[in-house]
Trainee: 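First the structure, which I've put down as structure tokens, then a few questions once you've had a look.
Every number for a ligand or one of its atoms is a count from 1 in the order of the listing. Atom set for the values below is all heavy atoms of this structure, side chains included, hydrogens, waters and symmetry mates excluded. The shown structure was predicted, so the numbers you read here are calculated from the model rather than taken from an experiment.
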Amino acid sequence: MNLIDGKKISYEKRIEIEKRIEKIKQQTSKVPGLATILVGNNPASQVYIKSKIKACKDVGIKSFHHTLHENTSIENISALIKDLNNNQEVDGILLQLPLPNNQDAQDCINAINPLKDVDGLHPFNAGLLNLSKSWDEIIEKNILVSCTPLGVIHMLQMSNISITGKTAVVIGRSNLVGKPVSMLLLANNATIIMAHSKTNNLKNLCKNADIIVAAIGKPKFVNKDFIKDGAVVIDVGINRTPDGLCGDVDFDSVKDMNINITPVPGGVGPMTITMLLENTLKAFNNKINRN
Ligand code: NAP
């Protein structure tokens, strides 16, 4: 087994981002700004927000954090977002998901100016991703793509794992992970099977895949019976169990296989935050180029 070390790749990428921001600061006396919004007090969300704010500080991005009461209405969250849309110091707006009380976040996401949508979840950016014909086009047009899927592609690229011509099974079809990761793999010339809870013969489909992306949210769901020799396995899952944090892949069952795999923790998670920094810098640069 070969570990794809998300922590290491992430660290290298953050150093590069920090250098780019330092250069911008010297040239313009300005730095990118990221506004984060946390509604309620979900402990996992609090941890994620804290990590995001710290990561911003580490690379020189200015943070603007807002915590709202868990009973704040969608209208009030959207009103804050509209204020942030008009704030010239804010280049990116991140609404931490999920919202409390099972509230649908789409109306809030729709309120974000697409140019500040660093999570890539606004229909405008999701649409641009779907319309793009290649990875080069996504890069050249500076499209804001959802952070976790973007992190997956960067990890593969920085590990010198080629995607072109490969068969990839993505397990999960969420707007946050499954769909955009499938679109990005397609843009990188993979042949995609997007699987979900109604998929028949999932094990067999996976067994023939060169790349498996597990984004299910079920602890240790994917075991050695799903994976062929030589495959690449990206474990997006973050599951809190009584035994601690684990992914969607049964790591113990696959650890003696000849595969490349991302660990949990220390795989996709750190890359997600790094891509948030990258997207904030991208939104800042897009603003500078427009002016
Ligand atoms: P989600 O919205 O709940 O989607 C889960 C997907 O898995 C759905 O499409 C569902 O299919 C599919 N699924 C459920 N049971 C299945 C089964 N038995 N066989 C095949 N597919 C099945 O979750 P998400 O937001 O995409 O997140 C997925 C996981 O990634 C979670 O553990 C989450 O915590 C983690 N995550 C990690 C990061 C990170 O930074 N590492 C970021 C985001 C999310 P249906 O559509 O048919 O219901």
Trainee: Kindly check if the number of other-residue, nucleotide or ligand heavy atoms within 6.0 Å of CZ (Phe124) is above 12?
Mentor: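 At most 12 heavy atoms, drawn from other residues, nucleotides or ligands, come within 6.0 Å of this atom.
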Trainee: Find out whether Asp117 and Ile93 are in side-chain contact, i.e. whether some heavy atom of one side chain is under 4.5 Å from a heavy atom of the other.
Mentor: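 A side-chain contact under 4.5 Å is absent here.
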Trainee: Side chain, backbone, both or neither: which applies to Ile238 and ligand 1 if a contact is any heavy-atom pair less than 4.0 Å apart?
Mentor: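 Ile238 to ligand 1: contacts from backbone and side chain alike.
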Trainee: Are more than 12 heavy atoms from other residues, nucleotides or ligands located less than 6.0 Å from atom NZ of Lys228?
Mentor: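 Buried by this count: over 12 neighbours within 6.0 Å.
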Trainee: What is the closest protein heavy atom to atom 17 (C) of ligand 1, and at what distance does it sit?
Mentor: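 Checking every protein heavy atom, the shortest distance to atom 17 (C) of ligand 1 gives Phe221 CZ, 3.8 Å.
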Trainee: Could you tell me which atoms of ligand 1, counted from 1 in the order shown, lie closer than 4.0 angstrom to a heavy atom of Thr272?
Mentor: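 Heavy-atom distances to Thr272 below 4.0 Å select 39 (C), 40 (O).
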Trainee: Nearest non-hydrogen atom to atom 23 (O) of ligand 1 belongs to which of Pro180, Ser197, Ser174?
Mentor: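 Nearest heavy atom to atom 23 (O) of ligand 1 lies in Ser174.
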Trainee: Can you measure from CG (Asn41) to CG (Leu68) and round to the nearest 0.5 angstrom?
Mentor: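 Reported value, rounded in 0.5 Å steps: 12.0 Å.
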Trainee: Just wondering, are more than 12 heavy atoms of other shown residues or ligands nearer than 6.0 Å to NZ in Lys287?
Mentor: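 Yes, the 6.0 Å shell around NZ holds more than 12 heavy atoms from other groups.
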Trainee: Quick one: look up the protein heavy atom nearest atom 42 (C) of ligand 1 and list residue, atom name and how far away it is.
Mentor: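 Of every protein heavy atom, Thr148 OG1, 3.1 Å lies nearest to atom 42 (C) of ligand 1.
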Trainee: Under a 4.5 Å cut-off applied to non-hydrogen side-chain atoms, are Met257 and Met1 in contact?
Mentor: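 Not in contact.
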Trainee: Any donor-acceptor pair under 3.5 Å linking the side chain of Asp119 with the backbone of Ser146?
Mentor: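 No, the answer is negative, given that no donor and acceptor are paired below the 3.5 Å cut-off.
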Trainee: Atoms of ligand 1 less than 4.0 Å from Val177 heavy atoms?
Mentor: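 Counting from 1, the qualifying ligand atoms are 26 (O), 43 (C), 44 (C).
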Trainee: Below 4.0 Å, non-hydrogen atoms only: which portion of Thr199 touches ligand 1? Side chain, backbone, both or neither.
Mentor: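 Under 4.0 Å from ligand 1, Thr199 contributes no heavy atoms.
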Trainee: Any nitrogen or oxygen of Arg173 lying under 3.5 Å from a nitrogen or oxygen in ligand 1? Just yes or no.
Mentor: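 Looking only at distances, the answer is yes, because the N/O contact criterion of under 3.5 Å is met.
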Trainee: If I compare all heavy atoms of Val249 with all of Asp235, which pair ends up nearest, and what's the gap?
Mentor: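 For Val249 and Asp235, the tightest heavy-atom pair comes out as N-OD2, 3.1 Å.
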Trainee: Hey, does Lys218 come in under 3.5 Å of ligand 1, counting only N/O atoms on both sides?
Mentor: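 Checking ligand 1 against Lys218, an N or O pair does fall under 3.5 Å apart.
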Trainee: Against heavy atoms of Gly217, which atoms of ligand 1 measure under 4.0 Å?
Mentor: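 By the 4.0 Å cutoff, the relevant atoms are 28 (C), 29 (C), 31 (C), 32 (O).
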Trainee: Only one of Asn285, Asn289, Asn286 clears side-chain hydrogen bond (donor to acceptor under 3.5 Å, both in side chains) with Asn142; which?
Mentor: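 Of the listed options, the one satisfying the test is Asn286.
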Trainee: Decide whether Lys52 and Gln96 meet the rule of one side-chain donor and one side-chain acceptor closer than 3.5 Å.
Mentor: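 Judged by distance alone, the side chains do pair up.
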Trainee: How close does the nearest protein non-hydrogen atom get to atom 21 (N) of ligand 1, and which residue and atom is it?
Mentor: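 Looking at atom 21 (N) of ligand 1, the protein heavy atom closest to it is His196 C, 3.1 Å.
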Trainee: Starting from atom 12 (C) of ligand 1, locate the nearest protein heavy atom and write down its residue, its atom name and how far away it is, to 0.1 Å.
Mentor: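 Result for atom 12 (C) of ligand 1: Gly172 CA, 4.0 Å.
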Trainee: Against heavy atoms of Ile171, which atoms of ligand 1 measure under 4.0 Å?
Mentor: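 Those qualifying, in numeric order: 20 (C), 21 (N).
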Trainee: May I ask you to list the atoms of ligand 1 that are less than 4.0 angstrom from any heavy atom of Asn239?
Mentor: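 Taking each heavy atom of Asn239 in turn, ligand 1 has 32 (O) under 4.0 Å.
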Trainee: For ligand 1, note which part of Met271 has a heavy atom under 4.0 Å away: side chain, backbone, both or neither.
Mentor: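 Near ligand 1, Met271 shows nothing, with every heavy atom at 4.0 Å or more.
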Trainee: Go through ligand 1 atom by atom and flag the ones less than 4.0 Å from a non-hydrogen atom of Ala215.
Mentor: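 In order of numbering, the contacting atoms are 5 (C), 6 (C), 7 (O), 28 (C).
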Trainee: Give the residue and atom name of whichever protein heavy atom lies nearest to atom 16 (C) of ligand 1, and the separation in Å to one decimal.
Mentor: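 So the nearest neighbour among protein heavy atoms is Ile216 CG2, 3.6 Å.
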Trainee: Checking a contact table here: which protein heavy atom is nearest atom 36 (N) of ligand 1, and how many Å away?
Mentor: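 The answer is Val236 O, 3.7 Å.
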Trainee: Which atoms of ligand 1 sit under 4.0 Å from any heavy atom of Gly269?
Mentor: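 In order of numbering, the contacting atoms are 40 (O), 41 (N).
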Trainee: State whether the number of non-hydrogen atoms from other residues, nucleotides or ligands found under 6.0 Å of Lys7 atom NZ is greater than 12.
Mentor: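 Atom NZ in Lys7 is not crowded, with 12 or fewer foreign heavy atoms closer than 6.0 Å.
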Trainee: Is it true that the side chains of Gln46 and Asn42 contain a donor and an acceptor less than 3.5 Å apart?
Mentor: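 Per modelled atom types, Gln46 and Asn42 side chains form no pair under 3.5 Å.
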